[in-house]
Amino acid sequence: MSDESYDHAAIETRWQEAWDDAAVYRTPDDVEDPTYVLGMYPYPSGKLHMGHVRNYTITDAYARYRRMQGDDVLHPMGWDAFGLPAENAAKERDTNPRDWTFDCIDTMKGQMKSMGFGYDWEREIATCTPDYYKWNQWFFTRFYEEGLVERRDADVNWCPSCETVLADEQVEGEEELCWRCDNPVEQRELDQWFLQITDYSDELVDYIDELEGWPDSVRQMQRNWIGRQYGTRLPFDVTGPDGHDHGTVEAFTTRADTVYGATFFALAPDHPITEELVAEDDDVHEFVHHEADPDGDEPNGVETDLTATNPVTGEEIPVYVADFVLSDVGTGALMGVPGHDDRDHEFASKMGVDIAPVVAPDTGEDDGPEAPDVSESAFTDDGVLVNSGEYSGLDSESAREAITADTAGAEEATQYRLRDWGISRQRYWGTPIPVIHCDDCGPVMVPEEDLPVELPEFINTTGNPLDEAEEWKQTTCPDCGADAVRETDTMDTFVDSSWYFLRYVSPDLPDAPFDPARTNDWMPVDQYVGGIEHAVMHLLYSRFFTKALADYEGLEHREPFTNLLAQGMVQLEGEAMSKSKGNTVSPQRIVEEYGADTARLFMMQAAQPERDFDWTEEGVRSTYRFLGRLKDLVQSFDPDAGGSGDDPITDYVADEIDASVAVATEEYDDLTFNVALREAQELVGTLRQYRDYADPHPETFERGLAVAVRLLAPVTPHLAEELYDELGGDGFVAEAEWPSADVDRETAEKRRQLVENTREDVRQIVEVAGIENPERIDIVVTPEWKFDALGIAVESDADNLISELMGESHIREQGDAAASYGQDLQAEREALSMTLAPEDEYESLVAAAWLVEREFDASARVVRADEADDDVANTAEPGRPAIDIVE
RNA sequence: GCGCGGGUAGCCAAGCCAGGAAACGGCGCAGCGCUUAGGACGCUGUCCCGUAGGGGUCCGCCGGUUCAAAUCCGGUCCCGCGCACCA
C-alpha cells in the first residue's frame, strides 16, 4: 500500500470492535461527578447528515480529551423519536411510525458507530418507548398537582397541513409559517393543555445573566423571547354617549410620563367592549369584520361614540377600535400618545386626532425646556415634561414614578411577551396526555398506577388516529367509574427533550424519572453542543423543566447546561447543505472513501466549532494524505537506529514537542480544535523534517510520535489507536494519559518568537546588504548585564531609570554601553516586558541554529557576548541577538 | 424600529474581554529547492521605501482617553442574526 492512502476500513472496524469488547466508553453508575458532555439528540430521520457528524464529532472529541485528562466522562446518546415525520413516512410507506422510527434508529446508530463516536450505549434512550414517555405523563400529572398545568380554551396556531396546533415558538416569521412544513398557519379556537412556564418568567430572564458559558446570541434571543417590560397599568373609565358605563379599562404603558399627551384611547378588534359595540354600531361592525387588517403595515381604526377618562388629567378622550391593538399584548387596550410614539402619530395623523407634545428634549440648561415640534413626527426619547401640570419640569424617569404613585388605581406592572406553553398536539406519534374526560367529573388525571397510557396501534387515517382508536379511547372515569373517554391529544415533542438529559443518568430506573442522588451529583451538563435553531424553544423549555423539577422533585440544580456551544453549519460553496437544494455530501460515502478519521479531522481543523465552513473534497483529500503520511512516519520508525541525541537539532525537536503539548492542551480546553490540531499537524511536520535532515535520536523521536498520536487521538481515534499500538502503548490510547509539557505556553511562544525573529533578521540583512553567498553567520547572545538592566527597568517605577541602573556596580562598570542602553530603556520603558532568561535564550538559539544553516547554506554559530567582538556584541539586546554575517 | 454580533492586508480569518512589535494561521499569487510524498512536499516572499536587522503608512469612518489604541470610551456608516403595528 502506498503512503498516499491506508486501509482505513480495516483499521476503523478493528478498533470499533476492540472498544466495544472492552466497554471503553461505559460510564459506571458509581463514578462521582463525571464530566457530562452532551450533543443534542437527533430526530431519527433515517440518515446521519453532515450537521450531525459535526455536532457529534465536537462532543466526541471533547469527551475523549476529558477522558485522557483523567476525568470520568458521561457521553450518552439517544433519540428524539416522537414526531410528525414518522407519521407521514408511515403513511407513505404503508407501515407504522414505530417500525419506521426503529428502522431509522438502527441505521443511524450503525452510522454513529462507524464514525467512531464513543457513547455509552447502555444509557441509550428513545423517547417513543413507554418506559420513557411514561415519565412525560408522570411529570404532567405532578405539574398538574402543583398548579403548573392548565386547560383552557385558546386561540391557537393551527397548521392545516400538519393538522395540529403549534406553539408560538413553532410559528416562524412575519408570514407565520409552520416551522416544519413552511405552510401558513391559521388560528383556531381549541381546548388546550398548557404548562405554565410564565410562572418562571422572571427567573428565566434574570438567570440568563449568570449563563456565562452560553453564547451572547442565544442569551439575547431568550431575553427577547421572554420580553419583560416594566411599566404602569393605568385605569381609564369608558363611557357611552348616553352615559352608559362600560367600566374601567386598564391600559399598560411603559411611558406613563406621556399621559398628558394621551389624545385618544384604542381597543383591540376582539376586545370585549368592541364585541359589545359590534352588535350596536354599524361602523364598528364594518371595521371589525371587513376593514381591520392586523397583519398590514397601516394602522387602521374606527372612531366609536365612547369616551375614556384620562385618570391623571380627568380629560375625556375619544375611543377608537384599532387593528394595531393586539388583544394578547398588554391588556388589549392602550392610550394613544401621538406626540411621543411613532405608530400613534401615524394613526392620529390619519384619523385627525390631536397631537400634543408633553416631553421636551433635555438640553441640560436651566432656561426651561421647549416643547418639540411633533406635527411631522413623534419625539420618542425620554426628556423633561412640559404641559403636564404639576409634573412639568420632571425628567421622564421621575415622572413615571410620580404619576404611577399619585394616580388612583394606577400601579406598576410588568409585562412579558412569553406565553404559557401549549403542549396539546392533535397527532398520533407522541406522548398521550394522561387525562380522561368524564361527563360528570370533567377532565381527570390518569392515576399514577395506570401510567403509562400507551399508544394504541397506528391507524392510517386523515385526522388524528387516536380519535379513531375507539377501543382505546373508551374507558371509565378514575373518579366516579362512569363511562368516559381518553384525551386524544398528545404532547409536543419538546416535552420529551426538556428532561432527556436527566434520564441518561439512570436510564432504566423503573420507579422514578431520575435517580435524585446520582442526578444531583452528575448534573448539570458541563458541555452541551447543538444547533442554533434550538436557541429559544428547546433550551428555554429545558430550563423551565429544570426549575420546576428543582421546586417539586428535589433536583438540586436550577439550570441544566453550564456551557453551551452552538455549532456552525457545514456548507457547500457558501450555502447550507439541504436535500431540496440537492447539495448534500453523504457522510457514509466519505467514510467509505476516506474513513471516519479523515472526515472528523477535516471538519475539526477546518474552522472553530461555532463558525460556518465550506466542505471541500480537496480539503478532505489533503487531510487523508496527512493521515497517510503520519502512519508512514510511525511505521518507518526504528527504535534501534539513530543518533545519540547529543545534538542541537534533537534539543530543538524536544522543545517543539513540549510547545505543541502546551498549546494544544489549552486549545482543547477551549474547544478550539482547529488550533489544537494545527499544532499537532505541525509537530508531525517537524518530526518528518527531523527524520529527513538529521539522524534522529530514537527516544526523542518516539516521544514526538507518541505525543502527536495523543494530540490527535480525540479527533482521529481509530488511526491513533493503531499507531499507539504500533508504538507499543499499553491498553487503548482512548484511555491513555494526556501528554504533559515541560514548558508553559508563554515560554514556548517566546522561544518560537525569538527564533522566528532572529531568522527574519538574518533574512533581512542578507537581502538588504545584498549578500550573495554567506559563509558564516554568527548569532551573538546579549551580555547578562543587559538582561539585568532590562529586569530592573521593567520592575522600576523610579523617575530616573538611568541613575537606578547606575546604582548597580556591574552595570555601571559597562561605562558608555550601560549609559546608552539605559537611555534606550528609558525611552521605551512603558512598553518593556521580560524576555526569556539569558541561558534559555542562548539554548533556544543553539537549538535553532540548524534552521539558519539549512536555510542559508552557511555555517551558523551561536556565541556568548564575551566570545564576540565588542562592536558586534554591543548591538545585541535581550530577545534580540546581534548578528554578524561573513561572506 | 428595538436588541445582539460583526466590519482587520487580494480573499478567508486570529488578536479585542485583561492597551505595549506591520498584526497568528490558511487560500491565492511569485521565487527557490526536491536521485522525490510528484496535479504533491519543503523553504522563502507577498502595504511602501531602504546595499546590516532601518524608516514610513496601516485594523470601516470621525473624534476622545493614554507615554502608548486593532484593542478602552463616544459618535457615525455599512453587513449579518433575532424580535417586532409589543403599547
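In what follows, every heavy atom counts, from backbone to side chain, and hydrogens, waters and symmetry copies are set aside. In the text below, chain A, chain B and the rest are named by the order of the sequence lines, each starting its count at 1.
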| message | Check this for me, if you would: do Arg763(A) and Glu767(A) make a salt bridge, where the nitrogen-to-carboxylate-oxygen distance has to be below 4.0 angstrom? | response | no
Close N or O pairs between protein and nucleotides 12-17 of chain B (under 3.5 Å):
residue: rA14(B); atom: OP1; partner: Arg611(A); partner atom: NH1; Å: 2.2
residue: rA14(B); atom: OP2; partner: Arg611(A); partner atom: NH1; Å: 3.4

| query | Is the shortest side-chain N to carboxylate O distance from Glu346(A) to Lys350(A) below 4.0 Å? | reply | no
| message | Taking the six-membered ring for Trp, are Tyr624(A) and Phe602(A) closer than 6.0 Å centroid to centroid? | response | no
| query | Which pairs pass salt bridge (charged side-chain N to carboxylate O under 4.0 Å, His left out) with one or both residues in residues 220-230 of chain A, sequence neighbours excluded? | reply | Asp202(A)-Arg228(A), Asp206(A)-Arg228(A), Asp209(A)-Arg223(A)
| Lys/Arg N to Asp/Glu carboxylate O, Arg417(A) vs Asp328(A), below 4.0 Å | no
| request: Output all residues satisfying side-chain contact (heavy atoms from CB on, under 4.5 Å) with Val794(A), sequence neighbours left out; order by chain, then residue number. | output: Leu790(A), Leu832(A), Met834(A)
| request: Take atom C1' in rC85(B) and the same atom in rA70(B), then report the distance between them in whole Å. | output: 41 Å
| said: Assess whether a salt bridge exists between Arg776(A) and Asp778(A), defined as any Lys/Arg side-chain N lying under 4.0 Å from an Asp/Glu carboxylate O. | reply: yes
| field | Positions of residues 665-683 of chain A (non-hydrogen atom under 4.0 Å from RNA chain B), listed by number | value | Arg678(A)
| field | Minimum side-chain heavy-atom gap Tyr416(A)-Gln229(A) below 4.5 Å | value | no
| Is any NZ, NE, NH1 or NH2 atom of the basic residue among Arg255(A) and Glu397(A) found under 4.0 Å from an Asp or Glu carboxylate oxygen of the other? | no
| request: Could you check whether Asp342(A) gets within reach of a base, just the sugar-phosphate, or nothing at all, counting any heavy atom under 4.0 Å? | output: nothing
| task | Would you tell me if any nitrogen or oxygen in the side chain of Arg629(A) comes within less than 4.0 Å of OP1 or OP2 on rG38(B)? | result | no
| query | When the C1' atoms of rG19(B) and rG3(B) are considered, how many whole Å apart are they? | reply | 29 Å
| said: Let's test this: given Watson-Crick or G-U wobble pairing with both distances under 3.5 Å, identify the partner of rC29(B). | reply: rG45(B)
| Of residues 750-762 of chain A, the positions that come close to RNA chain B - non-hydrogen atoms, cut-off under 4.0 Å | Gln753(A), Asn757(A), Arg759(A), Glu760(A), Asp761(A)
| task | Tell me what Glu767(A) touches on the nucleic acid: a base, only sugar-phosphate, or nothing, going by heavy atoms under 4.0 Å. | result | nothing
| request: In whole angstrom, give me the gap between the C1' atoms of rU46(B) and rG64(B). | output: 36 Å
Check: residues 673-680 of chain A side-chain donor-acceptor pairs under 3.5 Å, at least two apart:
residue: Glu679(A); atom: OE2; partner: Arg752(A); partner atom: NH1; Å: 3.0
residue: Glu679(A); atom: OE2; partner: Arg752(A); partner atom: NH2; Å: 2.6

| message | Suppose we define a pair by two distances each less than 3.5 Å, Watson-Crick or G-U wobble; what does rG82(B) pair with here? | response | rC2(B)
| task | When you get a sec, tell me which of rA87(B), rG54(B), rG3(B) is the closest nucleotide to the side chain of Gln764(A)? | result | rG54(B)
